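None of these values were measured; they are calculated from a predicted model.
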Amino acid sequence: MAGTTTQPTSRTRSWWGWGWTDAHPDDAECTAMGALLPGTLSRPLPVPRVRDLGIGSPAVEPPPSLAHLVTADPGDRAAHAMGKAYRDVVRALRGRPGRIPDLVARPTDEQGVADLLDWAGDRQVAVVPYGGGSSVTGGVEYRGDAHRAVLSLDLTAMGRVLEVDTEGRAARIQAGALGPSLEDQLRPHGLTLRHFPQSFEFSTLGGWLATRAGGHYATGRTHIDDFVQAMRVVTPAGTSSSWRLPASGAGPSPDRLFLGSEGALGIITEAWVRLQERPRHKASAAVTFTDFHDALRAVRTLAQSDLSPANCRLLDSGEAALSGAAQDGSAVLVLGFESADEPVAARLERAVGLARSYGGRYDGTVGPDQAPGEAAAGDAVGDAAVGAWRSAFLRMPYLRDGLARMGAVAETFETAATWDRIPGLIEAVRTEVGAAALKATGHPATVNCRLTHVYPDGAAPYFTVLAAGRAGDEVALWDDLKAVASEVLHRHRATITHHHAVGRDHRPGYDRQRPEPFALALRAAKGALDPRGILNPGVLVD
């Protein structure tokens, strides 16, 4: 059974910053936030305008047979020039967005993708795949000058749910489906993909697959990898179409080759994905801890239990204060459970009891499940602290852009490591990144941490850095701080990224992390599938 895409919203996406233009902080709110940090500007940088970029004519023109799929509109080109990282926002604010794509293409079917790749290969045009544009690691921009022109290949015109198998609880979905539209098309069937990254509203299925995105849920199926049955990928060497299977031991998985390949090996056009029944029972609670290390031990025990919470997010005292979950210096553990077929209050009660055995405090009463209204990012509903955290979670990218307008550094990065390394890793990041920021700016910085995903053998710490900027040099300052952080991660054998992909920003760390025989095989795959080197140059391999 085929689905239909939802009607487009009347709201306007920001070309330079996160999300919707009408949700950005105004000048007064930016100024108020800036006043809380030392060393910020006295007034916010103006909102950038496309007309001030001086975008010239494209270096190439498409053939008549493809002209209906392609635009050279300056606003469209500016909006596809970068992702939504802090360094992208600052470059736009400073009028230095980097190389603007010459053209933006929106194919409506797989044949259009193949035809565009053929044309681009013949003309030595770099092709940068673009889903929702929410990349925070430089994954959707072109850097360098080795190609005649740059084409941004936007897949969002391919956003339909094509088939739903209710017996097998799976669906065949086009790669350009944005999160809300995808869920809207599955809702009449009583099913859900249950994959809710923070970028859910502004990212696509194909983007999740190409970046091995992590969802909102903290245990169990945390990454999009776990939901994939089969994929179709268009490459310059032909189309790869894997079989739809529940499992297979037939050699290396073809899907694993393209998961996380970030458009460097091919363009993902559709996938069969595993679905679940929509949750009907939800409950959540926030447990506070005086000692962060006690909280870490509680979370590790929870992760190694059979409780499988949907949310098991630990906020240190700084992160808890920033989100409004606690203002008394406590760390906060946000717990949530959900189920399609049975009440979950008993599981939540067991989890709260376990947390209490490690010194956790919970003053509420775990009673019947909460009403099953859906949160914007799929979070379980619950008490006030959980609600405050959820609201801050969704609002934070907009506030980051407001702080960027005040010249401040406000950015995040994440990683994962085994439990034996977690305490030392977190302490080293806080200490060394904080010291680097103080040395570079003369002002102390705030380095907060939360655990976003937990596993029986380890966890994914997610760090927030708030620091004074250097007027006109904010990008270089952040790059220096990120280099310090990356060195700490490498020293502790923590991954360069848990769920934000490699892009171009993480490339040095990725080159150090991956085994050289694997790098050799990846380079060979790139040469075989993309012999002209047009697909997202500079990502993963040269």
Side-chain angles (χ1 to χ4, degrees), residues 16-17 33-34 36-41 45 82-99 135-139 141 143-144 318-319 322 396-397 399-415 417 424-449 461-498 500-513 538-539:
W16 64 272
M33 288 191 295
L36 300 176
L37 285 174
T40 57
L41 304 174
L45 295 169
M82 301 179 298
K84 302 301 180 186
Y86 167 80
R87 69 190 317 277
D88 302 329
V89 170
V90 171
R91 286 187 294 161
L93 289 169
R94 294 294 186 182
R96 300 191 293 265
R99 183 161 176 177
S135 170
V136 293
T137 59
E141 68 177 271
R143 296 179 188 171
E319 197 74 6
L322 192 65
M396 192 58 66
L399 301 182
R400 178 208 64 179
D401 291 358
L403 285 168
R405 290 186 62 199
M406 296 303 300
V409 169
E411 186 58 303
T412 61
F413 64 93
E414 37 72 40
T415 184
L425 168 66
I426 293 173
E427 182 60 29
V429 168
R430 287 172 173 159
T431 300
E432 296 183 38
V433 175
L438 177 61
K439 181 179 180 180
T441 68
H443 298 285
T446 297
V447 184
N448 296 332
C449 178
Y462 194 113
F463 297 93
T464 300
V465 180
L466 300 173
R470 290 194 305 239
D473 198 29
E474 297 91 348
V475 170
L477 170 59
W478 171 246
D479 286 347
D480 290 344
L481 296 181
K482 186 66 176 285
V484 171
S486 298
E487 189 59 41
V488 175
L489 301 187
H490 184 74
R491 193 169 71 242
H492 285 78
R493 295 183 69 82
T495 182
I496 191 64
T497 178
H498 171 263
H500 278 163
V502 175
R504 292 163 178 82
D505 296 346
H506 286 158
R507 176 69 188 277
Y510 177 64
D511 285 350
R512 297 174 72 187
Q513 179 177 327
V539 167

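Residues Thr415 and Phe463 are in side-chain contact: their nearest non-hydrogen atoms beyond the backbone lie under 4.5 Å apart. Two residues are said to be in side-chain contact when any heavy atoms from C-beta on lie closer than 4.5 Å; Tyr86 and Leu403 fail this criterion. Between Arg400 and Met33 there is no side-chain heavy-atom pair separated by less than 4.5 Å. Put simply, the side chain of Asp480 reaches to within 4.5 Å of the side chain of Arg470, judged on heavy atoms. Under the 4.5 Å side-chain criterion, counting only non-hydrogen atoms from C-beta, Pro461 is in contact with Leu425. In this structure the side chain of Asn448 reaches within 4.5 angstrom of the side chain of Leu322, judged on heavy atoms. The closest side-chain heavy-atom distance from Glu414 to Thr497 is below 4.5 Å.
The side-chain hydrogen bond (donor to acceptor under 3.5 Å, both in side chains) test applied to Thr412 returns Tyr462, not counting sequence neighbours. Under the rule for a salt bridge (Lys or Arg N to Asp or Glu O under 4.0 Å), the partners of Arg430 that lie at least two apart in sequence or sit in another chain are Asp316. Residues satisfying the ring pair (Phe, Tyr, Trp, His ring centres under 6.0 Å) criterion with Tyr510, sequence neighbours excluded, are absent altogether. For His498, the side-chain hydrogen bond (donor to acceptor under 3.5 Å, both in side chains) criterion is met by Tyr455, not counting sequence neighbours. Residues meeting the salt bridge (Lys or Arg N to Asp or Glu O under 4.0 Å) test with Asp88, sequence neighbours left out: Arg91. Shown here are the side-chain hydrogen bond (donor to acceptor under 3.5 Å, both in side chains) partners of Thr441, two or more places apart in sequence or in another chain: there are none.
Salt-bridge check for Arg405 with Asp401: failed, with every basic side-chain N at 4.0 Å or more from each acidic carboxylate O. With respect to Arg94 and Glu474, a salt bridge is recorded, a charged nitrogen being found less than 4.0 Å from a carboxylate O.
Between Val89 and Ala404 the shortest heavy-atom distance is CG1-CB, 4.0 Å.
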